[in-house]
Amino acid sequence: MIHTDLISLIQQAARAAQKAGDLPTYDLPAFSVEHPKNAEHGDYSTNIAMQSARPARMAPIKIAEQLVAHWPISPFVGKVEIAPPGFINITLDNGWLAQQVQVIEENATTYGNSNTGQGRKAQVEFVSANPTGPLTIGHAWGAVLGDSVASLLQATGWDVTREYYFNNGGRQMRLLGESLQVRCLELLGERRAIPQDGYQGEYLRWVAAALVAEYGASLHDKELDFFRGKAVDAIFANIRATLDRLGIHFDVYYNELDLYETGKVNAAVQALAHSGYSYQKDGATWLRAADLGLKQDRVIIKSSGEPTYRMPDIAYHVEKLRRGFDFVVDIFGADHHATWPDVLAGVRALGYNTDGIQVIIHQFITLLRGGEEVKMSTRRGQFVTIDELLDDVTTEAIPGKDVVRFTLLTRSPDSPMTFDLDLAVKQSSENPVYYVQYGHARICSILRKAAEEGFGPDMYAAGDLTLLTHPSELALLRRMVALPEAVAQAAQQLAPHQMSGFATELATQFHAFYRDCRVVSSDPADREITRARLRLCEATRITLARTLSLMGVTAPERM
RNA sequence: GUCCCAGUAGCUCAGUGGAUUAGAGCGCUUCCCUGCGGAGGAAGAGGCCACAGGUUCGAGUCCUGUCUGGGAUACCA
């Protein structure tokens, strides 16, 4: 990767200068290598000379001069310049850039990947909605984030498990069963009220109708457990179908009840008692969270003898580590931000290192419909489901998931999002996702056109890349070669939304190239440049498709 | 009260301690089809980066405080 190669080049230059006595001997300070905002400042710049000024006791500009004087030879660096007060600006070599087309062609299905994970096991846990109803807008962001984080980790060499954690027992589920029972009996002519705190959503009526059709009057005699089981089955089928529409597939559905049945919750309770990090007070069992760096102690077993939600969560996270995951990512909504420090504290109390557990908290989505904020509550049945959203933004040409996924990945999860439903539908044809997809479709169209005119892939495969020297061609290449480090950075920062920016910039560069450079020409004199540009188009197509695939967005050949 | 997140263009939002031009999309004002997809391109208007201090050679970015908005503060999950 260029970025990491540059860091080592800079270090080599510094060591060489020190060895030659042109720089004093000092430990290299931390320095950055970044993309300057101003294109005149090259493709990369480093601040090492400024950072070194103090330890070296030299003027930054003098240090920079020495580093440049000792700069090692490398194929991809075209120009190294110094700018006051001591920036070293690095420009990529044009010939090298053009040759990268071949590298991209040869790695059509893997371009952008790297290997920081080195095959280690990672787990991304997301969605994890209990089966009490259809997935709503509230779950959409976590779903998209989680799936894309998982893809990014895979692209950087991790062996990734996508996991969905759920609980189909407890009070919530009992209420769900009772609510379904009421709906069924209603259809059979028996009037009953939905229990206090029960689920009033419309979807339970549909489940009830299906059950009545299948079981008829025999439903009068069924136990509560029957209804609970049927409700869970139906809802999970619905959830999986929704996830499938979003293009999301989990490797593991992990049931919280298993933690109890296999004694893992109990074992964790015992171990905590043993560790001295839990104690009894007011008939309950408390975790000494205050001794683990948190504000206050927390109840882990209620005076009734039932564990609080923290206990199974602690056992679950211990289990994640025991299952051999070196890296664990949990994705929660903002409403959970207070709970995970407790859980991690419990895991630490049991002697586990939690450095490998990262949490992404995303803010809420506020929905506007008709200019009014849509209030959401699962129990009262007031919500907009992901299915409804997908239906709203689906067009003949483009599946709704592309709009939903791309849109959610244009925002940082730290920022709350306002999603105006009317606007999303109205503007759908001018959504950024179309801009990027249009770029891909346009390339495909050019390649089709070229094939019709006798420039099929066989004809241009050996095109001369050294002919790619136009500024717009080089600008496009500059974006393309940055994909690997863009992916690495997005993965490292667990920030998949960075990929939408990359995709948009790449598409913009392509449109600029298309404006400036005629690709398919019937003039025999243009034969060679046509072949070279077709290779560039194909490499761009690959790069765009790879970027979109990491976001879970399709790269259409036609729109 | 305390904690977490945010405050950047009319709207929705990007922005990695760097460089006398802070970006995108939408909206607004003008242009560009006798060449491969105009779902595109060119130009323009629109900003005390909430406010006040501080750290630094250098701050939209880091620190402290204030204000505003959202969320969390259970022996609910």
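The sequence lines fix the lettering, A, B, ..., with proteins before strands; numbering per chain opens at 1.
A/Asn89 contributes a side-chain N or O that forms a donor-acceptor pair with the base of B/A19 under 3.5 Å. For B/A19, the base has a donor-acceptor partner in the side chain of A/Ser45 [N/O atoms by modelled type, under 3.5 angstrom].
Heavy atoms of A/Cys444 sit nowhere under 4.0 angstrom from any nucleic acid atom. Contacts of A/Arg515 with the nucleic acid, taken as non-hydrogen atoms under 4.0 Å apart, involve only primed sugar atoms and P, OP1 or OP2. Among the protein residues, A/His41 comes within range of the nucleic acid bases, having at least one heavy atom under 4.0 Å from a base atom. Residue A/Ala334 is classed as a sugar-phosphate contact, given heavy-atom separations below 4.0 Å to backbone atoms only. Using a 4.0 Å heavy-atom criterion, one finds that A/Ala450 contacts no nucleic acid atom at all. Counting any heavy atom pair closer than 4.0 Å across all strands shown, A/Glu485 reaches no nucleic acid atom. Backbone-only engagement by A/Asp335 is indicated by non-hydrogen atom pairs under 4.0 Å involving sugar-phosphate atoms exclusively. Contact annotation for A/Arg310: no contact, since no heavy-atom pair falls under 4.0 Å across all strands. Backbone-only contact: A/Ser415 has heavy atoms under 4.0 Å from sugar-phosphate atoms and none from a base. A/Phe364 comes within 4.0 angstrom of the backbone, heavy atoms only, and of no base. In this structure, A/Asn47 reaches the bases: a heavy-atom distance under 4.0 Å links it to at least one base atom across the strands shown. A/Thr285 comes within 4.0 angstrom of nothing in the nucleic acid, heavy atoms only. At the heavy-atom level, A/Asp282 lies under 4.0 Å from base atoms of the strands shown. Nucleic acid contact for A/Glu557: base, since at least one base atom lies under 4.0 Å from a heavy atom of the residue.
Remark on RNA chain B: of its neighbouring residues A/Phe87 and A/Glu256, the 5'-side contact belongs to A/Phe87, judged by nearest-heavy-atom nucleotide.
Whole-Å rounding puts the A/Met50 CE to B/A59 C1' distance at 14 Å. For the pair A/Asp523 CG and B/C36 P, the computed distance is 16 Å after rounding to whole Å. Taking atom CD of residue A/Glu40 and atom P of nucleotide B/U20, one finds them 12 Å apart after rounding to whole Å. Atom CD of A/Glu505 is separated from atom C1' of B/G15 by 11 Å (rounded to the nearest Å).
Among A/Val519, A/Leu474, A/Thr540, A/Thr508, the single residue meeting the side-chain contact (heavy atoms from CB on, under 4.5 Å) criterion with A/Phe513 is A/Val519.
Defined by atom type and a distance below 3.5 Å, a donor-acceptor pair is missing between the side-chain atoms of A/Tyr435 and A/Thr504. In the model, A/Asp330 has no side-chain atom that pairs as donor or acceptor with a side-chain atom of A/His336 under 3.5 Å. No donor-acceptor contact under 3.5 angstrom links the side chains of A/Ser128 and A/Tyr254, judged on distance only.
Note on ring orientation: taking the six-membered ring where Trp is involved, the planes of A/Tyr44 and A/His35 are tilted (angle from 30° to 60°). Using the six-membered ring where Trp is involved, A/Tyr165 and A/Tyr316 have ring planes that are parallel, under 30° apart on the 30 and 60° scheme. Between A/Tyr279 and A/Trp286, the ring planes lie parallel to each other; the angle is under 30°, not in the 30° to 60° tilted range.
Residue A/Tyr435 places at least one side-chain N or O closer than 4.0 Å to OP1 or OP2 of B/G41. The phosphate of B/G15 (OP1 or OP2) has a side-chain N or O of A/His497 nearer than 4.0 angstrom. Put simply, A/Lys302 has a side-chain N or O that comes within less than 4.0 Å of OP1 or OP2 on B/A77. Here A/Thr418 reaches the OP1 or OP2 of B/C13: one of its side-chain N or O atoms lies under 4.0 Å away.
For B/G60, there is no paired nucleotide, since no Watson-Crick or G-U wobble pair has both relevant distances below 3.5 Å. Figure legend. B/G25 is base-paired to B/C11; pairs are counted as Watson-Crick or G-U wobble with both atom distances under 3.5 Å. Nucleotide B/G40 forms a pair with B/C32, judged by Watson-Crick or G-U wobble geometry with both contacts under 3.5 Å. Pair assignment for B/G46: none, as no Watson-Crick or G-U wobble contacts are both less than 3.5 Å. B/G69 is paired with B/C5 under the criterion used here, namely a Watson-Crick or G-U wobble arrangement in which both key atom distances are under 3.5 Å.
Nucleotides B/A9 and B/C49, compared at atom C1', are 10 Å apart to the nearest Å.
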